[in-house]
Number of protein chains: 2
Amino acid sequence: MSTSANKFNKILFTILKRNGLKYTKQREQILNTFLSLKGHTSVDTLYEILRKTNPSIGYATVHRSLKLFNKIGIVEMVKVGNQKALYEHKDKNRHHDHLVCVKCGNFTEITSDELENLQKRIASRNNFQIIDHKLIVYGICRKCKNKR
Amino acid sequence: MSTSANKFNKILFTILKRNGLKYTKQREQILNTFLSLKGHTSVDTLYEILRKTNPSIGYATVHRSLKLFNKIGIVEMVKVGNQKALYEHKDKNRHHDHLVCVKCGNFTEITSDELENLQKRIASRNNFQIIDHKLIVYGICRKCKNKR
DNA sequence: AGTGAAATTGATAATTATTATCAATAATAC
DNA sequence: GTATTATTGATAATAATTATCAATTTCACT
Ligand SMILES: [Mn+2]
Ligand SMILES: [Mn+2]
Ligand SMILES: [Zn+2]
Ligand SMILES: [Zn+2]
């Protein structure tokens with residue numbers, strides 16, 4: 001097991017304990033495998049990958065765990081319309097949002113301090129205590145624009 | 001039938017025709033009843049209201065029509081997580097976004113030219129042609145903050 | 001290390017929102 | 001008015017997510 005995996009496992013252990021949850025080998029596996037991937041991963045995809053090394057893992061467990069990881073703040077979730085949830089790594093200290101192409105479904109990631117600050121201003125103006133936000137910009141990506 | 005309803009009906013007729021769609025009395029009823037309401041309306045709510053005056057109207061028709069109205073650009077749709085879609089009036093020339101309270105579910109509407117412009121800049125920087133966008137800020141509203 | 005309370009797992013059923021099907025009906029172009 | 005084509009309403013199907021529950025595992029405490 002790699003050093004970085006060990007690091008993540010310790011973090012996982014700590015956060016689970018803090019939330020009164022148990023550290024299980026499934027949760028460890030799910031998180032480590034998830035973190036070994038990049039981009040936007042669905043439960044199905046992760047499940048298929050996991051069962052190669054652990055054929056007895058349950059779909060529900062993968063689903064529950066990703067949802068849980070999101071809830072306790074260690075992974076990010078993005079949902080577009082009624083499509084199935086996608087999970088992605090949580091970038092420490094830099095939130096990102098998405099440009100989603102309605103033609104090809106591609107995600108472009110964007111970060112903007114201006115956007116973050118603007119939201120803070122709008123929220124405080126409304127006496128609203130921000131927990132999180134999700135911005136999705138729908139449109140046509142560079143590639144698809146050039147395809148005509 | 002009121003003058004304003006007649007006006008909307010003409011607009012509806014024009015837009016439907018432009019899209020090669022038919023003007024039906026169900027669509028007329030659904031749009032007019034929808035427009036008589038304010039706030040964020042679910043299919044279920046609208047359906048229950050509609051069947052009081054037209055007991056034979058179908059749920060699927062209401063669902064399809066709202067979806068269609070959104071598609072052809074005459075009503076707005078907002079979806080929070082896996083909850084059922086909510087529909088709302090389309091404010092002419094001013095898009096709005098939402099602050100959603102995670103405690104009480106309340107929606108606060110926000111408009112911001114700054115936000116609109118910022119998105120345009122981000123999009124053009126990425127060579128992305130914006131069609132639409134949805135921003136949802138999750139947090140705790142004024143009311144719920146004071147409740148403790 | 002052993003014990004017991006409590007949480008988790010895996011298989012699967014249930015739920016929920018949404019979409020598809022299709023025969024009957026209605027709208028529109030001619 | 002007729003033919004063509006879209007829409008409707010009832011209902012089935014789909015798809016994503018969540019609930020159920022007996023068996024298993026974790027973990028705090030000896
Ligand atoms: Mn992303
Ligand atoms: Mn609104
Ligand atoms: Zn594209
Ligand atoms: Zn609230």
Side-chain angles (χ1 to χ4, degrees), chain A residues 9-10 12-31 33 40-72 75 77-87 105, chain B residues 9-10 12-34 40-72 75 77-87 105:
Chain A
N9 293 345
K10 282 196 186 97
L12 177 61
F13 183 82
T14 306
I15 296 178
L16 287 173
K17 177 168 262 183
R18 181 190 306 151
N19 289 79
L21 300 166
K22 289 177 175 170
Y23 186 86
T24 67
K25 73 173 188 308
Q26 286 90 339
R27 283 174 180 168
E28 177 188 304
Q29 259 180 72
I30 291 165
L31 184 61
T33 303
H40 306 87
T41 309
S42 69
V43 174
D44 297 47
T45 301
L46 186 57
Y47 172 63
E48 287 308 327
I49 292 169
L50 279 160
R51 57 194 312 209
K52 286 178 189 163
T53 54
N54 178 5
S56 69
I57 201 161
Y59 181 81
T61 302
V62 180
H63 209 297
R64 273 187 297 231
S65 298
L66 286 174
K67 201 177 170 185
L68 177 72
F69 295 160
N70 173 243
K71 189 175 173 190
I72 64 181
V75 315
M77 173 177 131
V78 48
K79 243 190 102 75
V80 178
N82 300 320
Q83 293 172 250
K84 57 187 62 162
L86 296 175
Y87 294 88
Chain B
N9 294 346
K10 281 196 186 98
L12 177 61
F13 183 82
T14 305
I15 297 178
L16 288 173
K17 178 168 262 184
R18 181 190 307 150
N19 289 79
L21 301 166
K22 288 175 177 172
Y23 185 87
T24 67
K25 72 173 189 306
Q26 286 90 340
R27 284 174 179 166
E28 176 189 304
Q29 260 179 73
I30 291 166
L31 184 61
N32 287 330
T33 304
F34 171 75
H40 306 87
T41 309
S42 69
V43 174
D44 297 46
T45 301
L46 185 57
Y47 173 63
E48 287 308 328
I49 293 168
L50 279 160
R51 57 193 312 207
K52 286 178 190 162
T53 53
N54 178 4
S56 68
I57 201 161
Y59 181 81
T61 301
V62 179
H63 208 296
R64 275 188 297 230
S65 298
L66 285 173
K67 200 176 171 187
L68 176 72
F69 294 161
N70 174 243
K71 189 174 172 192
I72 64 181
V75 314
M77 174 177 128
V78 49
K79 244 190 101 78
V80 178
N82 299 321
Q83 294 173 251
K84 58 186 61 164
L86 296 175
Y87 293 88

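Each chain gets a letter, A, B and so on, in the order the sequences are listed, and its residues count up from 1.
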Flag the pair B/Ile30 / B/Ile57 as yes when at least one side-chain heavy-atom distance between them is below 4.5 Å, and no otherwise. yes

Within the 4.5 Å heavy-atom criterion, are A/Val75 and A/Leu31 side-chain neighbours or not? yes

Please determine if a side-chain N or O atom of B/Lys79 lies less than 4.0 Å away from the OP1 or OP2 oxygen of C/dA17. no

Does a side-chain N or O of B/Asn82 approach OP1 or OP2 of D/dT18 to a distance below 4.0 Å, or not? yes

Starting from [atom2] on [N], measure out to [atom1] on [X] and report it in whole angstrom.
X	N	atom1	atom2	result
B/Asn54	D/dG9	CG	C1'	11 Å
B/Tyr87	C/dA17	OH	P	13 Å
A/Leu66	D/dT18	CG	P	12 Å
B/Leu68	D/dG9	CG	C1'	17 Å
A/Phe69	C/dT8	CZ	P	11 Å
B/His63	D/dT14	NE2	P	17 Å
A/Tyr47	D/dT17	OH	C1'	16 Å
B/Lys84	D/dA16	NZ	C1'	15 Å

Heavy-atom nearest nucleotide on DNA chain C for A/Pro55 versus A/Gly20: which residue maps closer to 5'? A/Gly20

Heavy atoms only: give me the nearest A/Glu28-A/Tyr23 pair and the separation to one decimal. OE1-OH, 2.7 Å

Considering non-hydrogen atoms only, spot the tightest contact between B/Lys79 and B/Gln83 and give its length. NZ-O, 2.8 Å

Polar atom pairs (N or O), protein with nucleotides 23-30 of chain D, under 3.5 Å:
residue: D/dT26; atom: O3'; partner: A/Tyr23; partner atom: O; Å: 3.4
residue: D/dT26; atom: O2; partner: A/Lys22; partner atom: NZ; Å: 2.7
residue: D/dC27; atom: OP1; partner: A/Tyr23; partner atom: N; Å: 2.8

Carefully, step by step, assess B/Ile15 and B/Leu21 under the rule side chain to side chain contact (heavy atoms under 4.5 Å, CB included). CA-CA 8 Å; B/Ile15 297 178; B/Leu21 301 166; over 6 Å; no

Distance-only, no hydrogens or angles: does the B/Asn54 side chain make a donor-acceptor pair with backbone N or O of B/Leu50 under 3.5 Å? no

C/dT18, D/dT20, D/dT17: which one has an atom nearest the side-chain heavy atoms of B/Tyr59? C/dT18

Choose from D/dT18, C/dT19, D/dG9 the nucleotide whose nearest atom is closest to any side-chain atom of B/Thr61. D/dG9

Determine the contact category for B/Arg27: base if any of its heavy atoms lies under 4.0 Å from a base atom, sugar-phosphate if only primed atoms, P, OP1 or OP2 are that close, otherwise nothing. sugar-phosphate

For a side chain to side chain contact (heavy atoms under 4.5 Å, CB included) check, start with the C-alpha distance between A/Thr24 and A/Leu16, then their side-chain angles and the critical distance, and finish with the verdict. CA-CA 10 Å; A/Thr24 67; A/Leu16 287 173; over 6 Å; no

